[in-house]
Amino acid sequence: MDENPLQIAQKQLEECAQIMNLDEGLVEYLKEPDRVMRVKVPVRMDDGDIKVFIGYRAQHCGVRGPYKGGIRYHPEVTMEETIALAMWMTWKCAVVDIPYGGGKGGIACNPKEMSRREIERLTRRYTTAILPIISPDQDIPAPDVYTNPEVMSWVMDTYSIFKGYSVPGIVTGKPVELGGSRGRISSTGRGVAIVAREAATRLGMRLSDARVVVQGFGNVGYHAAKILSEWGARIIAVSDSRGGIYQESGLNVEKVRDHKLETGSVLGFDGAREVSNEELLELECDILIPAALGGVITKKNADRINARIIAEGANGPTTPEADRIMDEKCELVIPDILANSGGVIVSYFEWVQDLNRYFWDEERVNAELEKIMIRSFNEVLKVKRELGKDATWRNAALSLALKRVVKAFELRGLWP
Ligand code: NAD
């Protein structure tokens, strides 16, 4: 049977802890979340019936600061998955050194079958249920799968109603009009593009010579492709859930975007050959960006991946068994906790702006994001060099994150 996300997250932690010679008790401490709240979310549906949903908020490790992480609405949300995602958020925030611990929330529901008003009532009731454990100092939610800026507005409004005054810093990923940050929407894709560019430079590759393949032409994939092509790279293939398109001379990313907006898919784009999502991953290229789903690079296809650099835009695109193979096949692997951290970094900027009631222009947001991405990329590179061949790129990023979490734990000490 496949391992569940929590088992995978705990295994990654154990493997890395072994490389670092971490104390066993400390590993046990980090395997468990600080707190998990399971809540009943009753909703009056549009037809008058009451439907009860189950929601969670997991807070993994708060030694470095308030918990931070998205809220997911999906039929397959479970407590284990929510805890695993919170744990990954702890590492993601630590690897880029922003002062947060990992959190995550979710409700097992199918938003595709619910009306906008039902989703609003669901969101407001869930926010009320987790109210005792969230605040701008304690736990700051954000959007995740099937939640968006509108949902964040409802979270912010509900929390503010209970407080009696507006609290923009309670969530990030809000509309700019309510205290959201400029540059937030493109931030994850921009971060992916920045680290991919840095990796290319390290390998002595000119971006103008780089051929890029992107799986998933959504928020992350589109912005990464757009920014890399603006920097001179050739985007030779992109895909969505229906399949991919390939053009050796390079796709016009904006035109592909227009085509997708018009027709609902990248398929049928003029002058491009169609490829399946499986074929797309195996295309010969310089930079491969999986930016759709988790678990797409497995031990079955890892051997056939033909890229010099992988920048993991999606969360968990590579299964643990494929990790080692990818490390041997590719010259540089930028693991998800580093590659797709641009979103949480700009979320951090949003929170800082909300707390200060002073808002930055997009230029400043992008410049500060770039600084953190480059610094973190170089730090992971350094750790990878120190650890040598035995450690994968994922081990290197995770051990940098773990070192920071453990340091904070040691400095604070164990109470009582
Ligand atoms: P999105 O919904 O905007 O886009 C997802 C894209 O993937 C869509 O184009 C969809 O058609 C495509 N897709 C779906 N199934 C596919 C399949 N089987 N094969 C190929 N393509 C497929 O989502 P997003 O926000 O761009 O997120 C993409 C990934 O990045 C997810 O793994 C997400 O967890 C991760 N991520 C996103 C952010 C963020 O800020 N948006 C931050 C960190 C990580």
Side-chain angles (χ1 to χ4, degrees), residues 5 68-74 76-77 81-82 84-85 88-89 91-93 95-96 102 104 106 111-112 141-149 151-152 172-174 180-181 183-193 195 213-227 237-246 253 256-257 259-261 263-267 269 274-283 288-298 301 311-318 334-350 369 373:
K68 185 90 194 81
I71 298 173
R72 177 173 292 201
Y73 290 172
H74 194 274
E76 277 150 38
V77 162
E81 183 196 60
T82 311
L85 292 165
W88 282 317
M89 284 305 294
W91 314 141
K92 194 178 290 189
C93 295
V95 83
V96 294
K104 203 78 177 192
K112 287 187 178 170
D144 194 73
V145 175
Y146 295 138
T147 55
N148 54 27
V151 172
M152 295 307 111
T172 59
K174 301 177 292 295
S181 181
R184 171 70 180 83
I185 290 169
S186 57
S187 57
T188 305
R190 179 172 292 276
V192 172
V195 288
V213 169
V214 182
Q215 184 187 49
F217 200 62
N219 181 282
V220 178
Y222 159 68
H223 284 106
K226 176 171 172 258
I227 293 165
V238 300
S239 70
D240 57 30
S241 56
R242 298 207 217 149
I245 51 169
Y246 170 78
V253 177
V256 176
R257 161 86 154 187
H259 176 78
K260 183 168 165 76
L261 287 174
T263 66
S265 172
V266 298
L267 294 184
F269 183 70
E274 292 192 2
V275 288
S276 70
N277 263 301
E278 292 72 35
E279 287 169 316
L280 176 120
L281 286 173
E282 297 168 15
L283 288 171
L288 172 63
I289 303 178
L293 306 174
V296 292
I297 301 177
T298 66
N301 64 357
E312 294 186 339
N315 281 319
T318 312
I334 312 163
D336 50 4
I337 57 169
L338 171 63
N340 70 31
S341 60
V344 73
I345 294 171
V346 174
S347 268
Y348 165 54
F349 297 159
E350 179 174 335
L369 170 65
M373 294 300 310

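Counting starts at 1 for both ligands and their atoms, in listed order. All figures in this text were calculated on a predicted structure; none of them were measured in a lab.
What you find for Val220 and Ala291 is that their closest heavy atoms are CG1-CB, 4.1 Å. Nearest heavy atom pair, residue Met373 against residue Gly191, reads CE-O, 3.6 Å. Closest approach of Ile245 to Val275, counting heavy atoms only: N-CG2, 4.1 Å. When all heavy atoms are compared, the tightest approach of His259 to Val266 is CD2-O, 3.5 Å.
Taking CG of Asp144 as the start and NE2 of His74 as the end, the distance is 10.5 Å to the nearest 0.5 Å.
At a 4.0 Å heavy-atom cut-off, the residues surrounding ligand 1 are Arg184, Thr188, Gln215, Gly216, Phe217, Gly218, Asn219, Val220, Ser239, Asp240, Ser241, Asn277, Ala291, Ala292, Leu293, Gly313, Ala314, Asn315, Asn340, listed by chain and number.
Every residue meeting the side chain to side chain contact (heavy atoms under 4.5 Å, CB included) condition with Val346, not counting sequence neighbours, appears here in chain and number order: Ser181, Arg184, Ser187, Phe349, Val365, Leu369.
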